[in-house]
Amino acid sequence: MKKKQILSVLLGVLFPYILNAGATEDIYFSHIGMEDGLSHSTIFAINQDKEGNLWFATYDGVNKYDGYNFTVYRHEYTNPNSIASDITRCIAIDDSDHIWVGTREGLSLYNHRKNIFSNYYYKKNGINVPINNIAPIKENWLMLGTTEGILLFDIEKECFLNDTLPSLHLLKPTALKRQGEYIYIGAEDGLYTYTLSGGKLERLISMPAGVRIHAILCQMFSRIWMATEGNGLFMYDSKTKELKNYRYKSEQPGLNSNYVRSLELDTENRLWVGTYSGLNIYKEATDNFSSIRSSEIQEGSLSQNSVRSIFRDSQGGMWLGTYWGGLNYYHPLCNRFQRIKHVPFLNSLSNNVVSCIVEDSEHNLWIGTSDGGLNFYDSTSKLYKNYLFKSGSLDVPFKDIKTVYVDEEHDKVYVGAHAGGMMVLQRKSGQVEYFNRQNSNLPSNNIYSIISDENGGLWIASLEHLLHFDIDKRNFTIIDKDKNGRKLQQYNRLLFRDSKKRIWVGGEMGVSVYNQTKTDFLTNTDFHIDPILQQAFANCFYESTSGYIWIGTRSGLFAMKEGGKELLQYTTADGLPSNVIYGIMEDAYARLWISTNQGLSCLNPENGKFRNFTILDGLQGNQFNAGSYYR
């Protein structure tokens with residue numbers, strides 16, 4: 001059997017630490033609250049439109065979440081095109097992707113194109129009737145649950161109908177759920193079904209007196225689950241006609257409350273049950289429930305025990321809306337990202353802001369940080385060694401590391417720092433030597449990139465100059481013109497050598513490519529550098545197996561081929577989460593992994609489609625850092 005190949009990717013500002021620390025069911029939640037942009041910490045309903053936006057009905061407006069930011073829609077008294085009420089109860093999305101919101105004052109329809117709402121009010125005794133449930137039933141019809149009974153809404157004519165189906169109107173619905181051709185209606189005296197094709201209403205189950213159905217879920221068409229307010233969870237088997245009641249029992253495994261608020265199935269067809277006292281997951285093998293509750297000391301537990309709504313999104317993620325606890329998110333693959341971070345008083349990374357990562361020939365890692373100097377990670381012992389350098393008696397800080405070059409042949413490590421110049425570390429002896437403006441002819445203390453010239457010297461990019469360092473003579477030379485006297489690009493912070501030995505230079509003033517002739521540069525003509533790249537702020541270069549040179553900038557992602565005139569460009573309009581690109585790497589399937597200012601993105605070059613990852617997928621944060629990536 002062949003051993004599995006494991007792709008290990010290191011990215012980030014904050015280095016990853018491991019999430020899974022032993023909670024029930026191995027379920028760990030990310031928490032999203034008002035500090036993240038949510039308008040209110042109580043969420044009554046959740047849904048998702050065809051564009052992938054999530055919608056949350058709260059006690060203070062409806063929220064649209066695009067994966068990165070919240071847009072809040074509230075009622076404005078002077079604006080008739082605002083939502084009908086801040087108190088929103090339910091959200092339904094019909095087959096035409098219309099977004100319907102039930103509010104305390106009426107029914108609201110969101111207009112995607114105009115970004116406004118149309119509102120419809122049904123009055124009883126001069127008072128607007130609240131809309132508590134919405135079930136799309138036909139192309140132009142909605143079934144609405146209200147305290148005044150069931151209403152029908154004609155979308156085309158934009159009007160309510162209360163006399164079309166008098167038998168329905170007499171019901172006082174507590175829950176509505178459409179499943180195929182059936183509408184399941186929870187009422188005060190039982191569970192009803194309404195057949196859309198035949199228009200037939202019949203009572204399916206007579207519930208015990210006083211049982212109030214709060215939510216309905218159909219599982220595999222034979223099981224009908226009913227959440228109740230105070231009477232636990234009921235399951236009706238439509239084949240055997242058996243009705244079973246699951247209830248909370250003190251000090252026994254099972255439901256953690258008889259007040260059941262929400263029901264949903266996950267990607268494994270497991271039933272999730274939200275109650276007043278936590279989350280339960282049904283275990284079919286034992287016909288029982290596991291319990292997950294909020295904990296002040298357990299990281300990744302529920303933010304609050306009262307789970308008011310549960311929704312499974314299009315990617316299999318589970319969203320839990322709570323009462324005064326905001327949102328909780330879980331994805332079955334969220335533990336794919338591991339985190340390594342600074343832990344006080346333990347052998348760990350010295351600082352969480354990582355600025356560069358380099359692997360040596362023995363598979364050890366050299367990790368530069370913004371405020372903690374250089375870290376050496378020993379892959380054998382799994383231990384860290386921190387080099388927080390003090391550059392002798394000179395008052396030159398050397399802790400903001402920007403670049404590391406490992407000279408394997410001479411067993412040296414060259415390190416560049418912002419405001420600190422360059423340091424040379426003898427790996428065996430640990431001896432260090434500093435080069436800066438105070439003790440050498442180095443013209444700048446801001447060293448951002450170091451690569452070999454493959455002739456016994458180094459090419460160095462500082463913010464102010466492009467430099468050549470003669471290792472034997474210990475001498476720096478400013479390179480400001482190419483061999484033909486043409487002025488070189490200025491303000492560079494990035495150097496990259498491709499497979500044909502060409503040197504790519506990037507920084508605040510754009511992108512250039514040169515051929516090397518001994519210790520001189522000659523402007524390369526194999527590539528046509530588009531004007532947009534001559535002005536772009538470049539953060540990274542990468543050469544893929546397809547032969548493309550990829551360039552990450554603050555204006556998006558670019559790619560070009562030798563001799564080709566076509567310039568590929570990807571931006572947020574194409575699916576990138578951000579136009580600020582920090583790192584580019586390729587995996588074994590030729591997919592590109594791209595770190596950005598708004599999350600991590602995976603590009604399939606064959607179809608040009610992106611799969612984006614955020615903190616909800618287990619990332620340490622959405623904002624990454626230039627130079628901080630490595631496979």
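Index from 1, following the sequence. Being a predicted model, the structure only gives us computed values, none of them experimental.
No side-chain heavy atom of Leu425 sits less than 4.5 Å from a side-chain heavy atom of Val415. A 4.5 Å side-chain heavy-atom check between Asn484 and Leu522 finds at least one atom pair inside the cut-off.
A distance-only check finds no donor-acceptor pair linking the side chain of Glu508 to the backbone of Asn492 [under 3.5 Å]. A donor-acceptor pair under 3.5 Å is absent between the side-chain atoms of Asp470 and the main chain of Arg474, judged by distance alone. Judged purely by atom type and a 3.5 angstrom limit, Asp400 has no side-chain atom pairing as donor or acceptor with the backbone of Asp371. Side-chain atoms of Asn539 come within 3.5 Å of backbone atoms of Ile581 as a donor-acceptor pair (strictly under, hydrogens ignored). The closest donor-acceptor contact from the side chain of Ser512 to the backbone of Val505 lies at 3.5 Å or more, if one exists at all. In this structure, Ser578 contributes its side chain and Thr596 its backbone to no donor-acceptor pair below 3.5 Å. His75 contributes a side-chain N or O that, together with a main-chain N or O of Ile83, makes up a donor-acceptor pair within less than 3.5 Å.
Counting heavy-atom neighbours within 6.0 Å of Asn607 CG, excluding the residue itself, gives a total above 12. Within 6.0 Å of OH on Tyr491 lie no more than 12 heavy atoms contributed by other residues, nucleotides or ligands. Crowding of Glu606 atom CD: a count of heavy atoms from other residues, nucleotides or ligands under 6.0 Å not exceeding 12. At most 12 heavy atoms of other shown residues, nucleotides or ligands fall within 6.0 angstrom of atom CZ in Arg437. Sparse packing is recorded around CD of Glu409, with 12 or fewer heavy atoms of other residues, nucleotides or ligands lying under 6.0 Å away. Surrounding NZ of Lys609 are at most 12 heavy atoms belonging to other residues, nucleotides or ligands under 6.0 Å away.
For Tyr73 and Tyr110, the gap between ring centers is short of 6.0 Å. Taking the ring centroids of Tyr582 and Phe624, they lie at or beyond the 6.0 Å cut-off. Side-chain rings of Phe435 and Phe476 approach one another, their centers coming within less than 6.0 Å. Checked against the 6.0 Å centroid threshold, Phe376 and Trp366 count as a close aromatic pair. Aromatic ring centroids of Trp593 and Tyr542 lie 6.0 Å or more apart.
Nearest heavy-atom pair across Ser30 and Ile615 is OG-O, 3.6 Å. Scanning both residues, Asn436 and Leu442, for their nearest heavy atoms gives CA-CD2, 3.8 Å. In terms of heavy atoms, Glu408 sits closest to Arg427 at OE1-NH2, 2.7 Å. Between Ser449 and Leu495 the shortest heavy-atom distance is OG-N, 3.1 Å. Between Tyr548 and Leu568 the shortest heavy-atom distance is CE2-CD1, 3.8 Å. Summarising the geometry of Ala419 relative to Asn446, their closest heavy-atom pair is N-OD1, 2.9 Å, with the distance given to 0.1 Å.
Not counting sequence neighbours, the partners of Phe521 by the ring-ring contact (aromatic ring centres under 6.0 Å, His included) test are Trp459, Tyr514.
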Applying side-chain contact (heavy atoms from CB on, under 4.5 Å), run through Glu586 and Thr545 and close with a yes or a no. CA-CA 8 Å; Glu586 188 176 26; Thr545 53; 2.9 Å; yes
May I have the step-by-step check of side-chain contact (heavy atoms from CB on, under 4.5 Å) for Ile503 and Val513, ending in yes or no? CA-CA 6 Å; Ile503 295 177; Val513 57; over 6 Å; no
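There is no side-chain donor-acceptor pair under 3.5 Å between Asn63 and Trp55. Side-chain contact, Ser39 with Thr58: a donor N or O sits under 3.5 Å from an acceptor N or O. Side-chain polar atoms of Glu362 and Ser379 form no donor-acceptor pair below 3.5 angstrom. Checking Asn622 against Tyr68 by side-chain atom types alone, no donor-acceptor pair falls below 3.5 Å.
When each of Asp453, Asp520, Asn455 is tested with His468 by the rule side-chain hydrogen bond (donor to acceptor under 3.5 Å, both in side chains), just one qualifies, namely Asp453. Only one option out of Phe613, Tyr589, Phe610 pairs with Cys602 in a side-chain contact (heavy atoms from CB on, under 4.5 Å); it is Phe613. With Trp319 as reference, Phe56 is the one residue of Phe56, Phe29, Phe311 to meet the ring-ring contact (aromatic ring centres under 6.0 Å, His included) rule. Residue Asp482 is tested with Thr523, Asn515, Thr517 for a side-chain hydrogen bond (donor to acceptor under 3.5 Å, both in side chains); the sole match is Thr523.
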